[in-house]
Amino acid sequence: MADLDYSQVIQELRDFRHQRGWEKYHTLPALARALSVEVAEVNELFLWQDSQQTFSDQQIADLKLELGDVLTYAYYMCDQLGVTPNELVQQKHEINVHRHWKFDQD
């Protein structure tokens, strides 16, 4: 699969949404709720599993599909805000570079 740039991907998502007449449903609150549902589906894949478990090819394939859903809604939200996902990641990274976390040492 070709590595598409953001402008290509978001245009395909916009076209997909427009073809189905979903624009009216894609408000920021609605997209945030949809995003949280998809993130919950990512978590569901790991429910009752040990953190050190190996994953089957099917589990990895399912995870990739769910992450695709998560990213799709995140892309739609970024589009509403007039920013690219990479801009937001870079801004947050610049903040995190100066932050320090303490983790318990067992």
Side-chain angles (χ1 to χ4, degrees):
M1 182 179 279
D3 189 19
L4 303 174
D5 69 18
Y6 174 73
S7 61
Q8 292 171 296
V9 173
I10 196 62
Q11 189 58 54
E12 287 182 18
L13 291 173
R14 287 177 190 139
D15 292 346
F16 177 79
R17 177 182 59 199
H18 181 71
Q19 290 166 358
R20 285 156 178 77
W22 291 347
E23 296 91 343
K24 64 185 173 191
Y25 303 112
H26 280 201
T27 64
L28 283 174
L31 290 168
R33 288 189 294 273
L35 177 64
S36 71
V37 168
E38 296 303 337
V39 169
E41 290 179 7
V42 168
N43 277 318
E44 186 177 24
L45 297 173
F46 298 104
L47 188 63
W48 312 121
Q49 295 183 1
D50 183 300
S51 63
Q52 300 302 314
Q53 182 177 344
T54 58
F55 301 102
S56 70
D57 290 343
Q58 184 60 54
Q59 288 170 311
I60 296 296
D62 291 344
L63 177 58
K64 288 177 180 180
L65 289 174
E66 294 303 338
L67 285 173
D69 288 336
V70 167
L71 290 169
T72 296
Y73 287 116
Y75 275 35
Y76 278 132
M77 291 183 80
C78 287
D79 193 42
Q80 291 275 353
L81 295 170
V83 297
T84 69
N86 285 350
E87 286 176 80
L88 296 181
V89 169
Q90 185 61 39
Q91 288 172 4
K92 184 62 178 183
H93 175 67
E94 289 171 10
I95 292 168
N96 287 342
V97 164
H98 302 287
R99 294 177 66 195
H100 300 283
W101 292 268
K102 293 183 182 182
F103 297 96
D104 291 336
Q105 301 292 327
D106 291 341

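Along the sequence shown, the residues carry numbers beginning at 1.
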Exercise. With a 4.5 Å limit on heavy-atom distance, are the side chains of Leu31 and Leu35 in contact?
Worked result: no
Exercise. Quick one: which of Lys64, Gln58, Gln59 gives a side-chain hydrogen bond (donor to acceptor under 3.5 Å, both in side chains) with Asp62?
Worked result: Gln58
Exercise. Are Gln11 and Asp15 linked by a side-chain donor-acceptor pair shorter than 3.5 Å?
Worked result: yes
For this session: Output the distance between atom CZ (Arg14) and atom CD (Gln19), rounded to the nearest 0.5 Å.
Result: 14.0 Å
For this session: Over all heavy atoms of both residues, which pair between Leu63 and Leu45 is shortest? Give the atoms and the distance, please.
Result: CA-CD1, 3.5 Å
Exercise. If every non-hydrogen atom of Arg17 is compared with every non-hydrogen atom of Glu23, which pair is closest and at what distance?
Worked result: CG-N, 3.8 Å
Problem set entry | Under 3.5 Å donor-acceptor, Gln49 side chain and Phe46 backbone | no
For this session: Calculate, to the nearest 0.5 Å, the distance between atoms OG1 and CE belonging to Thr27 and Met77 respectively.
Result: 9.0 Å
For this session: Please indicate whether Trp48 has more than 12 foreign heavy atoms, meaning atoms of other residues, nucleotides or ligands, lying under 6.0 Å from its CH2.
Result: no
Problem set entry | Tyr73 (side chain) donor-acceptor with Val37 (main chain) under 3.5 angstrom | no
Exercise. Can you tell me how far CD1 of Ile60 sits from CG of Leu65, rounded to the nearest 0.5 angstrom?
Worked result: 11.5 Å
Seminar exercise, completed: Separation between CD (Glu41) and CG (Asp69), nearest 0.5 Å, reads 7.0 Å
Exercise. With a 4.5 Å heavy-atom cut-off, do Leu28 and Leu81 have their side chains touching?
Worked result: yes
Exercise. Do other residues, nucleotides or ligands put more than 12 heavy atoms under 6.0 Å from Asn43 CG?
Worked result: yes
For this session: Measure from the side-chain N and O atoms of Gln8 to the backbone N and O of Asp5, and report whether any donor-acceptor pair falls under 3.5 Å.
Result: yes
Problem set entry | Heavy atoms of other groups near Phe55 CZ, more than 12 under 6.0 Å | yes
Problem set entry | Side-chain heavy atoms of Glu12 within contact of Val9, under 4.5 Å | no
Exercise. Just how far is it from atom CG of Asn96 to atom CD of Gln91, taken to the nearest 0.5 Å?
Worked result: 12.0 Å
Problem set entry | Atom pair OH/OH of Tyr76 and Tyr25 - distance to nearest 0.5 Å | 14.0 Å
Exercise. Shortest non-hydrogen contact from Pro85 to Tyr6?
Worked result: CD-CE1, 3.2 Å
